[in-house]
Amino acid sequence: MESSLESIGTLQYVLDKYSKIWSWKISGARAVSMISRLIPEAWYGEKEDEVIVFDNAENVKQIKMMMERYPIDVLSKHVWQRKIIDIRAPKPAIKPIKHNLRRARAGEQFRGKLLNFQKEGLDFLLKSSGNALLADEMGLGKTVETLSYVATEKHTFPVLVVAPLVTLKNWEREIAKFLKKKSKNGRISESKTPSVTMIRTGKREALPKADIYLINYELLFKRREDLEVMGIKTIVCDEVHNLRSKTTQKYKAVKILAAEKSVLYRIGLSGTPIYNRGSEIWPIIDIIQPGLLGSFKEFCEYFCYVNEKGKAIVLENRRTSLRNQLLKHIMLRRKKSDVLKELKDKVRYKEVIASDTEYYVDELKKIWERLEEDRKPDSQSSKSVSYQRAIQSERQVAGIAKLPHVINFVKNIMEIEESVVVFCHHKAIHRLLHQSLQEFSPVSIIGGQTDNMRQDQIDMFQRGESKLMIAGLRAGNVGINLTRAKYVLFAELDWSPAIHRQAEDRLHRIGQKNTVFAYYLIGAGTLDDHVADILVDKSYEIDEIMDDSVEEFENKTKAEMILAQIQDKIRSK
């Protein structure tokens with residue numbers, strides 16, 4: 001390129017207004033004239049001397065040829081540099097993982113038996129050198145596969161497990177169940193288990209030497225420096241979607257620890273690594289294999305567009321490409337239908353039930369009156385805080401408005417003497433459900449319980465001592481097994497489709513011998529339908545990236561199901 005010449009135009013990576021496809025925009029009379037000869041399929045832009053070119057390898061090659069002869073100003077340098085690299089060096093810098101998985105044999109330190117597909121999961125971890133994202137659907141045994149890996153691979157101890165608080169007790173149980181103690185001289189003790197230190201306080205103090213450290217995400221930032229000196233070899237991030245935001249303290253703490261020289265293996269576990277938007281996958285991959293998806297800016301320029309709220313959404317025509325990139329280099333994703341042929345189906349129903357619309361409308365007026373007060377110039381309230389408070393208030397009012405009909409629905413199910421799990425969101429709704437259904441002696445999972453109390457309630461339900469479990473959506477959606485039941489009812493809706501899937505899969509997992517029936521109770525005349533529509537839109541993006549499949553609708557805005565991946569029947573009343 002003759003740099004002494006004046007630029008003949010500009011090159012920019014843009015989302016075409018009409019086709020909604022990311023394309024190259026060439027501006028400038030001479031540049032447009034030249035590219036039109038090279039690429040006849042180019043189409044005119046919005047302005048004069050502006051042309052739009054579809055983004056594919058052949059067109060990029062033609063643009064590159066033009067730029068080698070004429071000076072052009074590149075306005076999207078990061079993404080263009082990636083395109084040049086793709087053309088000149090098609091082989092990725094990171095070697096792909098071979099997916100012809102075999103049934104690997106666990107090391108002597110592992111006790112117990114792996115199912116055949118779990119042996120293949122172990123093989124995947126071995127082939128990925130322990131830097132991988134296990135994204136199998138919930139209930140397939142990612143914890144067991146991880147423990148088999150640390151018992152098989154060399155130099156994996158000490159291990160740091162970072163997990164939600166409610167799952168730490170389960171990790172402690174699984175370690176005692178599946179791992180044998182290995183002494184310094186290499187001898188295996190059949191009767192002993194690895195030493196475990198569970199970190200339960202944020203106070204800075206020296207940690208004892210241990211084989212495995214357990215800590216929840218909220219404490220990690222405070223205890224990071226204590227852990228840095230322990231020579232951690234393996235970091236396991238359970239429910240790794242907790243790291244989906246790169247601005248949080250827990251993300252920064254894990255990022256620092258994962259970069260320590262002593263760390264050899266980094267494993268992320270989550271059946272739902274994407275909660276709301278596809279771009280949430282970048283921070284997770286950045287910890288496990290930094291650089292695989294480029295910088296966040298490069299990732300967004302190539303894979304995403306920015307919606308009206310400023311959120312990065314993965315483009316529809318890029319979702320399969322992103323999924324393939326993940327599967328090729330870092331992610332193992334299997335569905336229950338792929339590996340558990342004996343597991344029965346999961347069927348979702350949408351149930352529109354009555355609600356007290358008079359009460360709902362009256363309460364809604366009060367909410368908006370308060371919001372208007374908060375919006376006044378002399379108000380001390382933050383606008384964003386006021387808005388969030390109004391939304392939460394509406395959700396609780398909607399829950400109360402339909403509560404009598406939710407209770408009737410639960411009683412109708414209980415009449416056939418089946419075990420039932422009811423999920424709700426607000427503590428007030430949880431309390432009212434518990435009070436109104438006392439005749440069934442319900443057990444509960446709710447935020448604030450001790451580990452022992454929580455486990456006692458689960459054990460009572462699993463033993464059949466109570467046939468009704470009332471659980472908080474975010475307190476009971478991970479780390480528990482509720483296979484005793486085959487009916488799950490959602491008395492309230494969460495904003496994230498991943499929360500619902502996790503809750504469903506407390507029942508729909510290994511050990512479940514029946515078809516699981518999930519009922520989503522929608523209050524007539526409330527904003528439940530609006531929330532459902534939001535969940536559907538989020539689910540389209542998630543499903544395409546994770547599973548390369550979505551349910552097609554003629555009109556997405558009229559989709560009424562809670563989850564986008566609707567493979568089940570819908571029963572209308």
Side-chain angles (χ1 to χ4, degrees), residues 131-139 142-143 146 159-172 174 198-200 202 212-224 227 232 234-259 263 265-290 293 296 311-312 326 330-333 425 445 447-448 451 454 471-480 494-503 505-506 538 542 545-546:
N131 293 284
L133 170 62
L134 293 187
D136 284 345
E137 279 193 322
M138 289 162 285
K142 294 184 288 293
T143 300
T146 302
V159 177
L160 171 64
V161 177
V162 190
L165 179 62
V166 296
T167 67
L168 292 184
K169 203 72 178 177
N170 187 61
W171 270 97
E172 193 173 42
E174 297 290 275
M198 189 180 293
I199 303 170
R200 301 301 299 268
I212 301 176
Y213 297 92
L214 302 177
I215 189 170
N216 66 68
Y217 283 102
E218 285 66 36
L219 288 183
L220 189 64
F221 188 79
K222 294 178 180 178
R223 301 305 300 272
R224 174 180 59 81
L227 287 162
I232 300 296
T234 304
I235 292 182
V236 178
C237 294
D238 190 18
E239 306 296 348
V240 73
H241 48 262
N242 280 275
L243 302 178
R244 63 189 183 272
S245 172
K246 56 187 173 59
T247 61
T248 60
Q249 288 187 334
K250 53 191 172 186
Y251 170 81
K252 293 172 184 175
V254 173
K255 180 70 175 171
I256 292 169
L257 285 168
V263 175
Y265 314 111
R266 305 162 188 85
I267 302 172
L269 311 178
S270 179
T272 53
I274 301 172
Y275 247 46
N276 295 296
R277 295 174 295 278
S279 57
E280 292 171 346
I281 200 69
W282 184 90
I284 294 169
I285 303 305
D286 185 52
I287 284 172
I288 300 170
Q289 275 196 23
L293 297 178
F296 186 64
K311 305 296 184 182
L326 295 172
I330 194 170
M331 183 175 79
L332 180 64
R333 171 71 171 178
H425 182 68
I445 296 176
D451 293 345
R454 172 189 171 90
L473 255 175
R474 296 200 173 223
N477 69 314
V478 295
I480 62 175
D494 197 278
W495 291 99
S496 170
I499 292 289
H500 297 112
R501 296 179 190 199
Q502 289 174 334
D505 287 336
R506 298 309 95 204
K538 288 179 178 180
I542 293 170
I545 295 169
M546 295 306 299

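- In this structure, CZ in R223 is found 10.5 Å from OH in Y213, a value given to the nearest 0.5 Å.
- We find the CG-CG distance between L214 and L165 to be 11.5 Å, quoted to the nearest 0.5 Å.
- Between N242 and P164, some side-chain heavy-atom pair lies under the 4.5 Å cut-off.
- In this structure K255 satisfies the salt bridge (Lys or Arg N to Asp or Glu O under 4.0 Å) test together with D286, sequence neighbours excluded.
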Stepwise, does the side chain to side chain contact (heavy atoms under 4.5 Å, CB included) test hold for L160 with T234? CA-CA 6 Å; L160 171 64; T234 304; over 6 Å; no
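- For the residue pair R474 and H425, the shortest heavy atom distance occurs at NE-CE1, 4.4 Å.
- Here the NZ atom belonging to K142 is positioned 9.5 Å from the CG atom belonging to L133, to the nearest 0.5 angstrom.
- Contact annotation: the side chain of W171 approaches that of V236 to within less than 4.5 Å [non-hydrogen atoms, C-beta and beyond].
- Distance check, rounded to the nearest 0.5 Å: CD of E174 to OG1 of T146 gives 11.0 Å.
- Considering all non-hydrogen atoms of both residues, P273 and I284 come closest at O-CD1, 3.5 Å.
- Using a distance-only test at 3.5 Å, with no hydrogens or angles considered, a donor-acceptor pair links the side chain of R333 to the main chain of A135.
- In terms of heavy atoms, S245 sits closest to Y251 at O-CB, 3.3 Å.
- Put simply, CD on E239 and NE2 on H241 are 4.5 Å apart, with the number rounded to the nearest 0.5 Å.
- Here the CG atom belonging to L220 is positioned 5.5 Å from the CG atom belonging to L257, to the nearest 0.5 angstrom.
- Using modelled atom types, one side-chain atom of R266 and one backbone atom of A258 make a donor-acceptor pair closer than 3.5 Å.
- Counting heavy atoms from C-beta outward, V161 and I215 have side chains that stay 4.5 Å or more apart.
- Under 4.0 Å is where a charged nitrogen must lie from a carboxylate oxygen, and between R200 and D451 at least one such pair does.
- Counting only distance, with no hydrogens or angles, the side chain of S279 and the backbone of A312 share a donor-acceptor pair below 3.5 Å.
- Q502 and T272 share a side-chain donor-acceptor pair at under 3.5 Å.
- In this structure, D238 has no salt bridge (Lys or Arg N to Asp or Glu O under 4.0 Å) partners at least two apart in sequence or on a different chain.
- Here T248 pairs with nothing under the side-chain hydrogen bond (donor to acceptor under 3.5 Å, both in side chains) rule; sequence neighbours left out.
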I199 and N216: CA distance, side-chain angles, deciding distance, side chain to side chain contact (heavy atoms under 4.5 Å, CB included) verdict: CA-CA 8 Å; I199 303 170; N216 66 68; over 6 Å; no
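- At least one side-chain heavy atom of V254 sits less than 4.5 Å from a side-chain heavy atom of C237.
- Put simply, the side chain of V159 does not reach to within 4.5 Å of the side chain of I232, judged on heavy atoms.
- Side-chain contact check for L243 versus P283: every heavy-atom pair is 4.5 Å or farther apart.
- A pairwise comparison of heavy atoms in I288 and G268 identifies CD1-N, 3.9 Å as the closest pair.
- Both tests pass for K246 against the ring of F296: distance under 6.0 Å to the centre and angle within 45° of the axis.
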